[in-house]
Trainee: 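Got a structure for you, questions after.
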2 protein chains.
Amino acid sequence: EDVLVSGVAYDRDQAKITLTRVPDRPGLAARLFSPIAQQGIVVDMIIQNVGLDGSTDLTFTVPRADTDKALEIASEVSREVGAGAARSEGDITKVSVVGLGMRNHAGVAAQVFETLGREGINIQMISTSEIKVSVVIDAKYTELAVRVLHDKLVGDGGATT
Amino acid sequence: EDVLVSGVAYDRDQAKITLTRVPDRPGLAARLFSPIAQQGIVVDMIIQNVGLDGSTDLTFTVPRADTDKALEIASEVSREVGAGAARSEGDITKVSVVGLGMRNHAGVAAQVFETLGREGINIQMISTSEIKVSVVIDAKYTELAVRVLHDKLVGDGGATT
Ligand SMILES: C[C@@H](O)[C@H](N)C(=O)O
Ligand SMILES: C[C@@H](O)[C@H](N)C(=O)O
């Protein structure tokens with residue numbers, strides 16, 4: 001079944017906060033996100049990959065205006081749980097390709113990665129769902145990334161919403 | 001605005017494949033997912049967090065029946081690009097909480113993490129979108145996780161679809 005790519009979206013108003021070397025045991029993710037939620041900070045992406053040596057990294061994105069507040073909480077939690085330093089970066093853009101049709105989800109993802117790779121755009125983070133492939137890249141490549149992805153995936157026959 | 005949690009879903013038919021220490025430069029994600037897509041392997045989650053020392057880990061999930069095929073490709077790519085060993089694990093379950101309403105997304109995520117943490121369930125991976133919080137846990141906790149999340153988030157007033 002063909003995948004219908006319905007569009008390329010991007011969000012430049014995001015900053016990422018990474019808490020490194022979070023002990024990989026129950027309850028740790030809650031230690032970070034309970035205060036984040038209590039402070040009313042809006043979170044978009046949360047990404048955590050598997051831990052390999054008893055610890056793992058936790059990254060989440062917030063509106064850039066909330067960077068300092070989020071970093072302060074992450075740094076405090078880091079001290080409390082013995083994690084590594086928390087760090088933030090605001091010069092990022094989240095680019096998402098929305099598609100319909102599960103069977104070729106891997107195909108859409110592969111095309112997203114190939115298209116960006118061909119332009120020399122490094123993919124900092126990847127998070128996918130059944131209908132969406134999202135990547136985080138350096139904000140300076142925003143226009144280029146959106147254009148080449150649109151041309152490749154939407155421009156040659158895909159539908160636009 | 002309140003978040004309406006519409007349900008808790010789970011998928012036990014997933015295996016994760018992790019390619020460790022992938023060089024964090026343009027084109028590498030494509031090197032893995034092009035052959036994966038070409039072999040017709042259905043991919044659900046793709047998770048990659050930020051690289052911190054020039055490399056990062058790439059994890060993706062496939063139906064358990066495709067574990068060997070996916071691991072073979074990942075191992076081959078690993079050799080070609082100088083990444084670390086590829087590994088797989090099938091005893092996992094992806095649990096997703098679907099909610100509507102962005103403002104309290106962090107609140108839903110925090111509640112998911114707290115609820116699982118309280119039961120001693122370790123969260124191996126996290127991937128979120130605007131409407132969904134997905135975690136990967138050990139498959140042996142499937143029934144417990146779904147029950148406690150449902151009771152906490154859907155049982156006390158949330159809507160079920
Ligand atoms: C790292 C963090 O996610 C931890 N594994 C937890 O379950 O809370
Ligand atoms: C690790 C991998 O995602 C790499 N950064 C790339 O852009 O392909």
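Within every chain, numbering begins at 1; the chains are lettered A, B, ... in the order of the sequence lines, protein sequences first and strands thereafter. Just so we're clear, the structure is a prediction, and the values are computed from it rather than from any experiment.
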Trainee: So, does A:Gln48 use its side chain to make a donor-acceptor pair with the main chain of B:Gln124 at under 3.5 Å?
Mentor: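 Indeed, once roles are kept as given, a pair shorter than 3.5 Å links the two residues.
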Trainee: Sort by residue number and list every member of residues 85-94 of chain A having a non-hydrogen atom under 4.5 Å from chain B.
Mentor: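 A:Arg87, A:Lys94, listed by number.
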Trainee: Can you get from B:Val148 to B:Val95 by hopping between Ile, Leu, Val, Met, Phe, Trp and Tyr side chains that sit under 4.5 Å apart?
Mentor: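 Same cluster: B:Val148 reaches B:Val95 through Ile, Leu, Val, Met, Phe, Trp or Tyr contacts under 4.5 Å.
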Trainee: In residues 12-19 of chain A, which residues are in contact with chain B at a heavy-atom separation under 4.5 Å?
Mentor: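 At a heavy-atom separation under 4.5 Å, chain B is reached by A:Lys16, A:Thr18.
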Trainee: Pick one: which of B:Ile126, B:Thr128, B:Ile47 meets side chain to side chain contact (heavy atoms under 4.5 Å, CB included) with A:Ile47?
Mentor: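 Single side chain to side chain contact (heavy atoms under 4.5 Å, CB included) partner of A:Ile47 among B:Ile126, B:Thr128, B:Ile47: B:Ile47.
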Trainee: Does anything in residues 21-35 of chain A get under 4.5 Å of chain B by heavy atoms, and if so which residues?
Mentor: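 Contacts with chain B: A:Asp24, A:Arg25, A:Pro26, A:Gly27, A:Ala29, A:Ala30, A:Phe33, A:Ser34.
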Trainee: Between B:Thr115 and chain A, which part of the residue has a heavy atom less than 4.5 Å away: side chain, backbone, both or neither?
Mentor: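 Neither part.
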Trainee: Determine whether A:Met125 and A:Leu58 fall in the same hydrophobic cluster, where Ile, Leu, Val, Met, Phe, Trp and Tyr are linked whenever their side-chain heavy atoms lie under 4.5 Å apart.
Mentor: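 Each belongs to a different hydrophobic cluster.
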Trainee: Can you tell me which portion of A:Ser134 sits under 4.5 Å from chain B's heavy atoms? Options are side chain, backbone, both or neither.
Mentor: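 No part of A:Ser134 comes within 4.5 Å of chain B.
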Trainee: Of the non-hydrogen atoms in B:Ile41 and A:Ala106, which two are nearest, and what is the gap between them?
Mentor: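 Residues B:Ile41 and A:Ala106, closest heavy atoms: O-CB, 3.6 Å.
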Trainee: For the CG atom of A:Asn49 and the CG atom of B:Asn49, what is their distance to the nearest 0.5 Å?
Mentor: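 CG of B:Asn49 is found 7.0 Å from CG of A:Asn49.
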Trainee: If the contact rule is any heavy atom under 4.5 Å from chain B, which residues of residues 66-79 of chain A qualify, in numerical order?
Mentor: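 Counting heavy atoms that sit under 4.5 Å from chain B, no residue of residues 66-79 of chain A is involved.
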Trainee: Identify which of B:Leu116, B:Val136, B:Leu52 forms the greatest number of heavy-atom pairs closer than 4.5 Å to chain A.
Mentor: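 Maximum pair count with chain A is reached by B:Leu52.
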Trainee: Can you tell me how far apart OG (A:Ser127) and CE (B:Met45) are? Round to the nearest 0.5 Å.
Mentor: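 Here the interatomic distance stands at 7.5 Å.
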Trainee: Do B:Val154 and B:Tyr10 belong together in a cluster built from hydrophobic side chains that touch within less than 4.5 Å?
Mentor: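 The answer is yes; both residues are in one hydrophobic cluster.
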